[in-house]
Amino acid sequence: MDILAIVVPCFNEEEMLPISSKELREKLAELVAKGKISEESFILFVDDGSKDNTWELIEKEHNEHKEVYGLKLAGNVGHQYALTAGLITAKECSDVTISIDADLQDDINVFEEMIDKYHAGNDIVYGVRNKRKTDTIFKRATAQGFYRLMNFFGAKTIYNHADFRLMSKRALDHFANYEEVNLYIRGIVPLIGYKTEKVFYDRKSRIAGESKYPLKKMLALAIEGITSFSIKPIRYITLIGFISVFCSIAAFIYALVSYFLGIVEPGWTSLIVSIWFLGGVQLISIGLIGEYIGKIYLEVKRRPRYNIETFLSK
Ligand code: UDP
Ligand code: MG
């Protein structure tokens, strides 16, 4: 029977951890009892360099319950890397993994459906949110704008799917080959291929603790997602360049015509406007190109993406 690993990245989750651990353990026991997964299945909590008591709580859970494993990263590397560290570690001692956030906003009751779909021959099963009624209007609007933007700029992502998904060992083996430092897991997983499926669920609100994804981190993730998957923004810059050149030609013709008609404009306003406009376009372009060069810089250094301090397992 297949060993399931539930991988849970945790950053300052001391309020959530005991609750999540209990719920996940109960779910795991239920799935084992139903004969869906092996008794050796486990939950892997990844401590992403938390500054609170998260790691102490993970150790405690591990000492009290044999099915709780812990992975301590040496510092805070962010959700995407923490999850990668957990998945790559878990795949060595399991057959299939499910990744879920520590706040359990995603519905653990669809685990069974995910595993059934895995047994039906799917290597990747995406958890997809039905509606977002429990998120604040602001979170919903920004998150949805984010998906639209991403798809517009070319990274193919599953709509309303975050990092709640099942992946088989062979899908993870292939995932591990994507060694990029600029990591956007949601964009990579669809590139793996194999047979995939979706399960739908309603997203709950956070029971305890606050969101570790403030707007700043969401924007960072969006920029990461777009610039690590597509060079479309650079193409648009070229387009804007052409448009502004075209506009200046039109303005030139207009100026000539008005000169010959004798309606000589003072010209200051149009001049200053175009200076600001072109200056702006140029600065944006340079900044954008800089963004890509920065990515190249980070990639060529080939730095390790995370550092594992301790691994508590069987
Ligand atoms: N997280 C992490 N490292 C970070 C920030 C967040 O491992 O630097 C984890 C966090 O503990 C949670 C998951 O990533 O398990 C998603 O964070 P959160 O639930 O706060 O995001 P939201 O649901 O608000 O988008
Ligand atoms: Mg959350």
Side-chain angles (χ1 to χ4, degrees), residues 5-24 43-58 61 68-90 97-108 127-147 150 157-165 181-186 201-225 305-310:
I6 302 171
V7 179
V8 193
C10 310
F11 176 60
N12 294 346
E13 297 282 6
E14 61 182 6
E15 289 122 320
M16 267 319 294
L17 206 103
I19 311 172
S20 306
S21 175
K22 184 165 176 289
E23 286 198 24
L24 288 171
I43 304 161
L44 176 63
F45 287 108
V46 183
D47 174 29
D48 183 16
S50 299
K51 287 170 191 72
D52 63 2
N53 276 322
T54 303
W55 179 248
E56 285 69 29
L57 291 171
I58 294 172
E61 290 292 319
V68 176
Y69 292 9
L71 186 71
K72 182 176 166 56
L73 301 183
N76 179 246
V77 290
H79 177 226
Q80 297 289 296
Y81 295 131
L83 182 56
T84 304
L87 289 172
I88 289 178
T89 307
T97 63
I98 293 179
S99 51
I100 187 166
D101 289 346
D103 52 14
L104 302 191
Q105 282 184 283
D106 307 304
D107 190 0
I108 61 170
V128 178
R129 289 186 281 263
N130 274 328
K131 15 186 149 57
R132 286 180 156 261
K133 56 175 180 236
T134 54
D135 280 345
T136 60
I137 294 176
F138 178 73
K139 177 93 194 180
R140 210 182 318 169
T142 46
Q144 252 154 28
F146 167 62
Y147 288 114
M150 285 299 306
T157 50
I158 310 285
Y159 191 68
N160 261 346
H161 158 73
D163 285 305
F164 178 37
R165 74 177 82 78
V181 173
N182 296 289
L183 185 63
Y184 184 65
I185 304 175
R186 264 167 261 178
Y201 67 97
D202 293 329
R203 186 164 155 105
K204 293 178 278 184
S205 51
R206 218 178 216 280
I207 319 171
E210 58 198 21
S211 172
K212 273 81 191 171
Y213 256 101
L215 187 63
K216 201 175 137 212
K217 275 195 189 173
M218 281 217 323
L219 280 179
L221 188 68
I223 293 174
E224 191 73 35
R305 298 181 289 183
Y306 48 82
N307 181 11
I308 293 172
E309 191 170 319
T310 321

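Both backbone and side-chain heavy atoms feed into the values below; hydrogens, waters and symmetry mates do not. Remember, it's 1-based here, ligands and their atoms both numbered in the order they're listed. Remember, it's a predicted structure, so these values are computed and weren't measured experimentally.
- Under a 4.0 Å heavy-atom criterion, Met16 is not in contact with ligand 1.
- Of all protein N/O/S atoms, those under 2.8 Å from the Mg ion (ligand 2) are Asp103 OD2, Gln105 OE1, and waters are not counted.
- Contacts with ligand 1 closer than 4.0 Å are made by no heavy atom of Val46, backbone or side chain.
- Checked by distance only, ligand 1 and Ala102 come closer than 3.5 Å through their nitrogen or oxygen atoms.
- Counting all heavy atoms, side chain and backbone alike, Gly70 lies closest to Ile58 at CA-CG2, 3.7 Å.
- Atom 6 (C) of ligand 1 has as its closest protein heavy atom Lys212 CB, 3.6 Å.
- Contacts between Cys10 and ligand 1 below 4.0 angstrom, taking non-hydrogen atoms only, involve the backbone exclusively.
- At least one side-chain heavy atom of Leu104 sits under 4.5 Å from a side-chain heavy atom of Leu24.
- Within the listing of ligand 1, atoms 4 (C), 5 (C), 8 (O) sit less than 4.0 angstrom from a heavy atom of Lys217.
- Counting non-hydrogen atoms of other residues, nucleotides and ligands closer than 6.0 Å to NZ of Lys22 gives a total of 12 or fewer.
- Test Leu17, Leu73, Asp47 against Trp55 for side-chain contact (heavy atoms from CB on, under 4.5 Å) and you get one pass: Asp47.
- For Thr84 against Gln80, the heavy-atom pair with the smallest separation is OG1-O, 2.7 Å.
- The closest protein non-hydrogen atom to atom 1 (N) of ligand 1 is Phe11 CB, 3.7 Å.
- Taking atom 19 (O) of ligand 1 as the reference point, the nearest protein heavy-atom neighbour is Asp103 OD2, 2.5 Å.
- Of all non-hydrogen atoms in Ser50 and Cys10, the two that sit nearest each other are OG-O, 3.5 Å.
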- Message: Checking Met16 against Val8 for the side chain to side chain contact (heavy atoms under 4.5 Å, CB included) test, could you report, in this order, the C-alpha distance in whole Å, the side-chain angles of both residues, the deciding distance, and whether it holds?
- Response: CA-CA 12 Å; Met16 267 319 294; Val8 193; over 6 Å; no

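- Near Glu13, the atoms of ligand 1 lying under 4.0 angstrom from a non-hydrogen atom of the residue are 10 (C), 11 (O), 12 (C), 15 (O).
- Within the 4.5 Å cutoff, no side-chain heavy atoms of His79 are placed close to those of Asp48.
- The minimum heavy-atom distance linking Glu14 with Leu57 is given by the pair O-CD1, 3.5 Å.
- Which parts of ligand 1 touch Asp101 is read off a 4.0 Å heavy-atom cut-off, strictly below it: atoms 13 (C), 15 (O), 16 (C).
- In terms of protein heavy-atom proximity, atom 3 (N) of ligand 1 is closest to Asp48 OD2, 2.6 Å.
- Closest approach of Val128 to Tyr159, counting heavy atoms only: CG1-O, 3.6 Å.
- Looking only at protein heavy atoms, the nearest one to atom 14 (O) of ligand 1 is His79 CD2, 3.1 Å.
- For the pair Val46/Leu83, no side-chain contact is recorded, criterion being any heavy-atom separation below 4.5 Å from C-beta on.
- Taking each heavy atom of Lys51 and Asn12 in turn, the nearest pair found is N-OD1, 2.7 Å.
- Among all protein heavy atoms, the one lying closest to atom 21 (O) of ligand 1 is Tyr213 CD1, 3.3 Å.
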